[in-house]
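One structure below.
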Amino acid sequence: MSKHRVLTGITTTGTPHLGNYVGAIRPAIQASQKADVQSFYFLADFHALIKCQEPDLVHQSTREIAATWLALGLDTDNAIFYRQSDVPEIPELCWILTCNAAKGLMNRAHAYKASVDANVEAGADPDFAITMGLYSYPILMAADILMFNAHKVPVGRDQIQHIEMARDIAARFNHHYGEHFVLPEAVVDDNVNAVLQGLDGRKMSKSYGNTIPLFLPEKQLKKSINKILTNLLEPGEPKDPDTSPVFQIWQAFATPEQSIYMREQFAAGIGWGEAKKQLFELINGQLAEARDRYETLLANPAHIEEVLQKGAEKARAYSKPLLEKVREAVGIRKIK
Ligand code: TRP
């Protein structure tokens, strides 16, 4: 019996931060160690082009994200780890799906609509600076998922609509051409710790500029943690853990016992400086070894590239035969 397939993509823009780690990378790496699932993790570099037209930034982010996942112990024997652009079957499938996806469906995509709304609000042309990449992006995402007939797709809440669109597109294709695609399901982690707060207490996100990069050198990590928002309460005054990003971030790294301990410290009036010092030690203790591996990997980019090439080979063992069937189904065939 073939294994249950879990797939997710990581857009290669930006440097991974603690929020990415807690919300996506850590659970994915844990899941990759399960022997009864076949997991697919990929660097979505074609998706990066939608948001970023700076070649060096796209390249740098791809390198950093690959090194991050490897440094954190992704088991690449068990999980298939590849770069989207190394699998040419994906953009080809994307085109075939584009010809079967309803334009009206794309009109409803949140990501695209948000850009239109922003233009309208600014009094600009509704289409100002909107590329076809942004507009068609859910179809590329559908191709990523359907290419491997993934059953489950772990994503953030903002991506649920895209998985539903992938289902719609798959169902329409299957209806017309026969059963080729599994209808994928989104998996959203509702754990309160899945969304990490940033320096200012809002969701940690690159777009808010409130992130703590995952592999900051030790001194800078300490500095960054010292910038987390606090109030003016003095040492000795009891503090409310439930409204403090210091505590919330603590919880995301702590064992249940360590969380109870810190709750008690807040009630007993721990000073902000001391709480942050302990938070730094907790996080640094969990990341220090991986950070060394990360630095070593970045110093040896040929090794990263080799791992990705092996991953692409494994991925293409799935994508090539499926695309052949899809081509045949739509009538793209050899003349004989
Ligand atoms: N669009 C996703 C995001 O921004 C990344 C992504 C691309 C993805 N392709 C995917 C996620 C396929 C899951 C499945 O987070």
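Only heavy atoms go into these numbers, but all of them, side chains included; no hydrogens, no water, no symmetry mates. We count ligands from 1, going down the list as the structure has it; atoms in each ligand are counted the same way.
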Donor-acceptor side-chain pairing of Glu64 and Gln60 below 3.5 angstrom: yes
Ligand 1: protein residues within heavy-atom distance under 4.0 Å: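 Ligand 1 is contacted, at a heavy-atom distance under 4.0 Å, by Leu7, Thr8, Gly9, Thr11, Phe42, Ala44, His47, Tyr137, Met141, Asp144, Ile145, Val153, Val155, Gln159.
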Centroid-centroid distance, Tyr318 to Tyr82, less than 6.0 Å: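 That pair fails the under 6.0 Å test.
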Test side-chain contact (heavy atoms from CB on, under 4.5 Å) applied to Thr243 - qualifying residues, sequence neighbours left out: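 For Thr243, the residues satisfying side-chain contact (heavy atoms from CB on, under 4.5 Å) (neighbours in sequence not counted) are Asp240.
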When the side chains of residues 227-236 are checked against the rest of the protein, which donor-acceptor pairs come out under 3.5 Å, sequence neighbours left out?
from   : atom 1 : to     : atom 2 : distance (Å)
Asn231 : OD1    : Leu233 : N      : 3.2
Asn231 : OD1    : Trp272 : NE1    : 3.0

Step-by-step salt bridge (charged side-chain N to carboxylate O under 4.0 Å, His left out) determination, Glu89 to Arg327: CA-CA 11 Å; Glu89 291 76 21; Arg327 278 177 152 235; over 6 Å; no
Can you list, pair by pair, the side-chain donor-acceptor contacts under 3.5 Å of residues 280-288, counting residues two or more places apart and other chains?
from   : atom 1 : to     : atom 2 : distance (Å)
Asn284 : OD1    : Arg291 : NH1    : 3.1
Asn284 : OD1    : Arg291 : NH2    : 2.7
Asn284 : ND2    : Glu218 : OE1    : 3.3
Gln286 : NE2    : Phe253 : O      : 2.7

